[in-house]
Amino acid sequence: MDFIIPQKINDITYDIIGAAYEVRKHCGKGLLENYYEAALAYELEQKGHKVARQVLVPALYKGIPVKDPYKLDILIDDEVIVELKSVSHLITENFSQLATYLWLTDKKIGLLINFSAKDFRTGTWNSEKPDYNLGIVRIIQSKGNNLKVNS
């Protein structure tokens, strides 16, 4: 059975996507990720969301903490992970990175946002026929750590 997205999380992702469009409209493409991170955090805080930036994600190997844990870009309302990129096009590893964060944190929703995408739009990721030019992709972790990617 797939994970049913609660309305609260749908509302959060809606606000994140709206804020991302606002940042892209105002800033354009080609800036550094940390610039977009600060701008997106500001927009979301203005909407009343709790924003945590550069969140350390503990990782263990055989019960021993890994020295350099993972660090996710933004965590919104302790519910939605946002991974930011500023590259000409996404690569498969970008999706794997966000999927790993979802798995390690047991969060259900993540957004991969590429502010330098040529056509900044929300789209659907299809692993059989990938479109690496997407601007915003939502990844859903369903029961059993299976991942779905959609808009």
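Just so we're clear, the structure is a prediction, and the values are computed from it rather than from any experiment. We count residues from 1, following the sequence as given.
With hydrogens and angles ignored, the 3.5 Å screen pairs no side-chain donor or acceptor of Y36 with any backbone N or O of C27. With N114 contributing its side chain and S116 its backbone, the two residues share a donor-acceptor pair below 3.5 Å. Distance alone, capped at 3.5 Å, is enough to place a donor-acceptor pair between the N94 side chain and the I91 backbone. In this structure a side-chain-to-backbone donor-acceptor pair under 3.5 Å is missing from N133 to H89.
Cluster partners of V66, using a side-chain heavy-atom cutoff of under 4.5 Å among ILVMFWY residues and allowing indirect links, are Y61.
Taking every heavy atom of both residues into account, H49 and I76 meet most closely at CB-CG2, 3.9 Å. Closest approach of A41 to V51, counting heavy atoms only: CB-CG1, 3.7 Å. What you find for L111 and L98 is that their closest heavy atoms are C-CD2, 3.7 Å. Minimum interatomic distance between A117 and R24 (heavy atoms only, all atoms of both residues): O-NH1, 3.0 Å. Of all heavy-atom pairs spanning L56 and P58, the tightest one is O-CD, 3.7 Å.
The distance from the CD1 atom of I12 to the CD1 atom of I109 is 10.0 Å, given to the nearest 0.5 Å. The distance from atom CD of E33 to atom CD of E37, rounded to the nearest 0.5 Å, is 8.5 Å. Rounded to the nearest 0.5 angstrom, F115 CZ and L31 CG are separated by 10.0 Å. With rounding to the nearest 0.5 angstrom, the CG atom of L40 is 9.5 Å from the CZ atom of R53. In this structure, CG on D73 lies 9.5 Å from CG on L112, to the nearest 0.5 angstrom. Atoms NZ and CG, from K85 and L90 in turn, are 8.5 Å apart once rounded to the nearest 0.5 Å.
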Practice problem: Decide yes or no on salt bridge (charged side-chain N to carboxylate O under 4.0 Å, His left out) for D78 and K107, but give the supporting numbers first. | Solution: CA-CA 9 Å; D78 200 36; K107 303 293 180 207; 3.5 Å; yes

Exercise. Decide salt bridge (charged side-chain N to carboxylate O under 4.0 Å, His left out) for D106 and K108; before the verdict, give the C-alpha distance in whole Å, the side-chain angles of both, and the deciding distance to 0.1 Å.
Key: CA-CA 6 Å; D106 201 31; K108 302 301 179 197; 3.5 Å; yes

Practice problem: For side-chain contact (heavy atoms from CB on, under 4.5 Å), just list the numbers for Y42 and V23, CA-CA rounded to whole Å, side-chain angles, deciding distance to a tenth of an Å, and then say yes or no. | Solution: CA-CA 10 Å; Y42 171 81; V23 169; over 6 Å; no

Exercise. Check the pair I136, Y21 against side-chain contact (heavy atoms from CB on, under 4.5 Å), reporting the backbone distance first and the verdict last.
Key: CA-CA 10 Å; I136 303 172; Y21 278 110; 3.9 Å; yes

Exercise. Check the pair T122, L134 against side-chain contact (heavy atoms from CB on, under 4.5 Å), reporting the backbone distance first and the verdict last.
Key: CA-CA 7 Å; T122 305; L134 296 173; over 6 Å; no

Practice problem: Please test E83 against Y101 for side-chain contact (heavy atoms from CB on, under 4.5 Å), starting from the C-alpha separation and ending with a verdict. | Solution: CA-CA 9 Å; E83 183 60 28; Y101 294 162; 3.2 Å; yes

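At a threshold of 4.0 Å, the pair K47-E45 does not count as salt-bridged, since none of the basic side-chain nitrogens sits closer than that to a carboxylate oxygen.
When the side chains of ILVMFWY residues are joined at heavy-atom separations under 4.5 Å, either directly or via intervening members, I74 and L32 end up in two distinct hydrophobic clusters.
Counting only N and O atoms by type, the side chains of Y132 and T92 include a donor and acceptor under 3.5 Å apart.
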